[in-house]
*Asks:* 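I'd like to ask you about the structure that follows.
Throughout, protein chains are lettered first and strands after them, A, B, ... in sequence-line order, and every chain is numbered starting at 1.
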Amino acid sequence: MAALRFVKVHDYLWEIPKAGGMRVPARIYASERILRELKEDQAPQQAVNVAHLPGIVKYSLAMPDIHWGYGFPIGGVAAFDLEEGVISPGGVGYDINCGVRLLASRLTYEEVAPHLERLVDILFRRVPTGVGAAGALKVSRQELRRVAVEGAHWAVRQGFGSETDLAFIEESGRMEGADPDAVSERAYERGRDQLGTLGSGNHFLEVGYVAQIFDDEAARVLGLFPGQVTVIIHTGSRGFGYQICDDYLAIMDRALAKYHIRLPDRQLACAPLRSPEGQQYLAAMRCGINFAFANRQIIAHNTRKAFAEALGMREEEVGLRTVYEVAHNIAKIEEHTIDGEQRRVCVHRKGATRAFPPGHPQIPAAYRSIGQPVLIPGDMGRYSYVLIGTEQAMQETFGSTCHGAGRQLSRRKAKKVASGRRVADELRAQGIIVRGASLRTINEEIPEAYKDVAEVVEVCHQAGISRKVAQLRPIGCIKG
DNA sequence: ATGTGC
């Protein structure tokens, strides 16, 4: 395969010109250093493959945390015309509505630190983790169909958290247009006992504190202050969303010939947005989105319980308010200005975060003066970031930015690097208490397995597609 | 990511 050509647009943006069957150019947000690494990677080729898809609008975009994924790269953004365009399960990912919630307490690091060990133990007990984790609650299939339509609203009605959480979740925690009949019985069976569970891989629940503030006004509006204890919940739709993705990949693979779609990579299986297959996937994916909203709402509730128990306080004293919750594996129909024209397009964000600007009607009224909060988790040992969306993101990236650190070591390589070490003890020596369902996951998730998220965030900040607000540092973590 | 793998 010929080497890809990267043409510099500016210091943090590179374009792969349209060639061959590409319908649009590909664009990658990266520093010189990140770009050098990407030249050795298959992920930019995946961004080029996406540029071949019918009805793609403007660019196939890649964020600085781009890495290899199923069909589409993780860290990719692509928008499609509603008439001519396609929808693809691989453009959303296996973990539909994998996302991040940030909770902010009323407590400082000094108040929580003496109880940290006990707190992490209690969190580990109240939030099931690991592959196949189950048991936070079990619902009937009929009830799970309601979850699939109502999302976090279902969870609030069942007594998990409160109404006030809902305004601070993307889509208010309930994606419209979900059709429970578009989801297989197998997906319902897998999901029944997985609500309120974390899962495995890079999913985690992290206790941290506000270590640094970059934007005083935005931090004030978000209610963040130095030393404040925070919680990040990073998980998705578990086996329920996985099964939806798997089911529709097979359906769309079979339908490719019917719609005369030719692909550079079969993993890009897709269907016209207007086709029955496309519409059914959209309706099923929205069920997966709602499952994940409910999942994180239940985990947030159990986190509040765990803090109250560990610290011997009332929940109101702990005050774990939802700052915001973002989705980072999702496809949504949104309105964007493209070449001066207002158009509705289907935006696929796979390992990318919505980053809407100040004044946008789809962000909470309380935050409208500053822009949408963007939550960027890092690795277990370093830091995570809070950013805000910008007008420039709206103009350049369909209102999108990065989503995380991105792996730099394969799981196999990470395990090799970690072998013989005591990763949990190393982290404890740095003041971070970690509990995992398996030693294997902790080894695979060592901090060195990830790129420095600060570098990824800096690219987005410098490029102007989001702005830094605060850095959070971890003190406790539970992992699958 | 995933009742991890064909």
*Asks:* In whole Å, what is the span from the OH atom of A:Tyr94 to the C1' atom of B:dT4?
*Replies:* 12 Å
*Asks:* What's the OH-P distance between A:Tyr70 and B:dT4, to the nearest Å?
*Replies:* 18 Å
*Asks:* In this structure, is the centre-to-centre distance between the rings of A:Phe240 and A:Phe291 below 6.0 Å?
*Replies:* yes
*Asks:* To the nearest Å, how far apart are A:Lys415 NZ and B:dT4 P?
*Replies:* 14 Å
*Asks:* Find the distance A:Arg186:CZ to B:dT2:P and express it as a whole number of Å.
*Replies:* 16 Å
*Asks:* Using a 4.0 Å heavy-atom cut-off, does A:Gly239 contact any base of the nucleic acid, only the sugar-phosphate backbone, or nothing at all?
*Replies:* sugar-phosphate
*Asks:* Which residue, A:Arg411 or A:Val131, contacts DNA chain B at a nucleotide closer to its 5' end, judged by nearest heavy atom?
*Replies:* A:Arg411
*Asks:* Just the rounded figure in Å: distance from C1' of B:dT2 to CG of A:Leu198.
*Replies:* 14 Å
*Asks:* Under 4.0 angstrom, heavy atoms only, what part of the nucleic acid is A:Gln194 near: base, sugar-phosphate, or nothing?
*Replies:* sugar-phosphate
*Asks:* Quick one: label A:Arg407 by what it contacts on the DNA or RNA (base, sugar-phosphate, nothing), any heavy atom closer than 4.0 Å.
*Replies:* nothing
*Asks:* Please give, in whole Å, the distance from B:dT2 P to A:Lys479 NZ?
*Replies:* 11 Å
*Asks:* Which residues pass the ring pair (Phe, Tyr, Trp, His ring centres under 6.0 Å) test with A:Tyr59, not counting sequence neighbours?
*Replies:* none
*Asks:* Taking only residues at least two apart or on different chains, which pairs with a member in residues 430-440 of chain A satisfy side chain to side chain donor-acceptor pair (under 3.5 Å)?
*Replies:* A:Asp121-A:Arg435, A:Ser438-A:Thr441, A:Arg440-A:Glu444
*Asks:* Would you tell me whether A:His203 and A:Asp95 have side-chain atoms, one donor and one acceptor, within less than 3.5 Å of each other?
*Replies:* yes
*Asks:* Would you classify A:Gly201 as touching base, sugar-phosphate or nothing, given that sugar-phosphate means primed atoms plus P, OP1 and OP2, and contacts are heavy atoms under 4.0 Å?
*Replies:* sugar-phosphate
*Asks:* Give A:Arg440 one of three labels, base, sugar-phosphate or nothing, depending on what nucleic acid heavy atoms sit under 4.0 Å from its own.
*Replies:* base
*Asks:* Could you tell me how far apart A:Asp246 (CG) and B:dT4 (C1') are, to the nearest whole angstrom?
*Replies:* 12 Å
